[in-house]
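Reviewing the structure listed below.
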Amino acid sequence: MADTLLQVQGLTRRFDVSKPWLNRVLERSERQFLTATADVSFDIRRGETFALVGESGSGKSTIAKMIVGLLEPSAGKIVFDGQQMDFQSGAAMRALRRRFQMIFQDPFASLNPRWHVGDIIAEPIRTFGLMRGAAVMKEVARLLDVVGLSATDAAKFPHEFSGGQRQRIAIARALSSRPEFIVCDEPTSALDVSVQAQILNLMRDLQDEFGLTYLLISHDLSVVRHMSNRIGVLYLGRLVEVADGKKLFTEPQHPYSRMLLDAVPDLELSGRRRRQVEGEIPNPISPPPGCAFHPRCPLAFDRCKLELPQPMPTPGGNAACFALGKPG
Amino acid sequence: MAEPLLSVRDLIVEFPTRRGTLRAIDRVSFDLKEGEVLGMVGESGAGKSITGAAIIGLIEPPGRIAGGEIWLRGERIDNLPMEKLRRIRGKRIGMVFQDPLTSLNPLYTVADQLIETIRTHLPISEKEARQRAVALLDRVGIPAAARRIDDYPHHFSGGMRQRVVIALALCAEPELVIADEPTTALDVSVQAQIIDVLKEICAERGAAVMLITHDMGVIAETADRVAVLYAGRLAEIGPVRDVIKQAEHPYTAGLMGSIPTLTQTSDRLVQIPGSMPRLNAIPQGCAFNPRCTRVFNRCRVERPDPIDRGDGRQVACWLHDPAEVRNG
């Protein structure tokens, strides 16, 4: 059994989306909560790539933000390398923060346009006091080289670079504090396919070179299949299935995973006929009772409308579905 | 041979700027037969959307069509006065845009917008127009269409809104529908539904479709033929199956290899080095030559025009010039 780097247990986050106090009083409306993630548990082993997939609004980015400490969970705990994250203690969080970094979706928004690229990459080194003086810029030059840019680029501004190059800068910045774990939130969805291929290849090379562990968040199943060892499928804030990378694609267990796979356009022209999926993701403020997927599920039966299914072991991991345990 | 529905000949679109004129489309030619679905792919900045906008005369000034001709069923439409063009737009050519929220007016109900469009183009009474609108909404798959027609756009979800936009594009029975990234803003499960609706309805009414997208998967499933654009020039055009299975242009081949698929087995994606040139720095000769792995001297000097291979495919690459093939 490989050792666990990150463990997430019962992670829940609610957002208060109530109207202002005066409106509530006048209109006699109740407080409203949006549950972005509910009771999510998984662990990530050292050196692997764990992916979270789901459609928009399924809670992927909320989980990422809680793991890197940008959002405090409403319930549940996050254990990083045996140490539980304590959101109340600034010093403890700061010590942990050096060890994980994040790469964001939009390289146009995640780099400060008024800073030189060199300063952007050097910021984590200076903040964590890892190096001083001339050594910092030497390290920046090395990092730029590692991600396929040149040392002279440190004096330029972000607007002088294309989208793919900016994402390389963001990766260099993430690497600069020598992290063990990187959360990649849709790292390539703002990029064209040919540039996406360059970035995905780079991410794999860096993983081999530095022994990194990735949490990859994406809505693109083919990217996820290409990159990950294990995959978690999210639907309306709940983890419906966790499976080994290849197993999910050959034997999806949960009906929602199957549906997502069917929906991927077929580039091989194998003549595979897609099964039509009815409906869209319901409003997360008032999710359906029981299993949240039951209104769209072809296998739904009475129990799905009443009870919430718990994860059950499957050949490649676990899945939360009553139809799995049902004979016939 | 039957006359093509749409014929674009040597189209040139230019944008004058302070630093000189940028050529966004450079001598692009293609035909569209009746009832055919033509896919247009390329990375961002390749000129896909500009080609669509040029056909319906929606190039934003100071951009202009600087050369070439556009023929719709034997009638030249690129030099028509505004008033005449307006009668073609919507009536004979329908348009579906990427973002369904901005292509609908938020201040009018769906009924208002559909009835207005129908009555602008067809001489029928308001009551008939309403009946027609309801039938159309029903056809694009909006449940309880007779009731929902009086809702405002914000009452609909993203997928439902895009269905309304499709109904709007089709309500005057156009001969050609230009769909510019119709599914890019949607989740995969909904994307499949929208593509099916668009394809079915256009086939039912005999309307030809020009499908502009960066998603090769969508093209593979939907289009009859595909045109690949690079830096404002046509790289390759041909039947979708042939182009995907056996790309002839090195750019197309690289593009296909860089897309991760659900069935691939190799560990690394093919990557094209570099990125597409900016419009003010298009290299001499073939625009792709600095990134091409099979480049030779002629490519750096002379620009290749599409070479007709006689099997319905055209490739703009010197490797396919009969003279070069003979010389080995």
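Quick note on labels: first sequence line is chain A, next is B, and so on, each numbered from 1.
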**Message:** Can you tell me which of B/T222, B/V270, B/I259, B/L186 forms the most heavy-atom pairs within a distance under 4.5 Å of chain A?
**Reply:** B/I259

**Prompt:** Quick one: what part of B/P143 sits under 4.5 Å from any heavy atom of chain A, side chain, backbone, both or neither?
**Reply:** neither

**Asked** Taking atom OG of A/S194 and atom CG of B/L255, what is their separation to the nearest 0.5 Å?
**Response** 6.5 Å

**Request:** Examine the side chains of A/Q196 and B/S258 and answer whether a donor and an acceptor come within less than 3.5 Å of each other.
**Result:** no

**Asked** Is B/D187 reaching over with its side chain to a backbone N or O of A/E55, donor-acceptor style, under 3.5 angstrom?
**Response** no

**Message:** I'd like to know if the side chain of A/N201 and the backbone of B/L269 have a donor-acceptor N/O pair within less than 3.5 Å.
**Reply:** yes

**Prompt:** When only pairs under 4.5 Å are counted, which of A/L221, A/V195, A/D192 shares the most heavy-atom pairs with chain B?
**Reply:** A/D192

**Item:** Structural part of A/Q165 lying under 4.5 Å from a heavy atom of chain B
**Value:** neither

**Asked** Which heavy-atom pair separates A/A197 from B/Q271 by the least distance, and what is that distance?
**Response** O-OE1, 3.9 Å

**Complete:** If one checks every heavy atom of B/M160 against chain A at 4.5 Å, the contacting part turns out to be both

**Request:** Search all heavy atoms of A/D205 against all heavy atoms of B/R268 and return the closest pair with its distance.
**Result:** OD1-NH1, 2.7 Å

**Item:** Most contacts with chain A, counted as non-hydrogen pairs under 4.5 angstrom, among B/S157, B/S275, B/G141
**Value:** B/S157

**Request:** Compare every heavy atom of B/G274 with every heavy atom of A/Q198, then report the nearest pair and how far apart it is.
**Result:** NE2-O, 2.9 Å

**Spatial distance of atom CZ (B/R278) from atom OG (A/S162) [nearest 0.5 Å]** = 7.5 Å

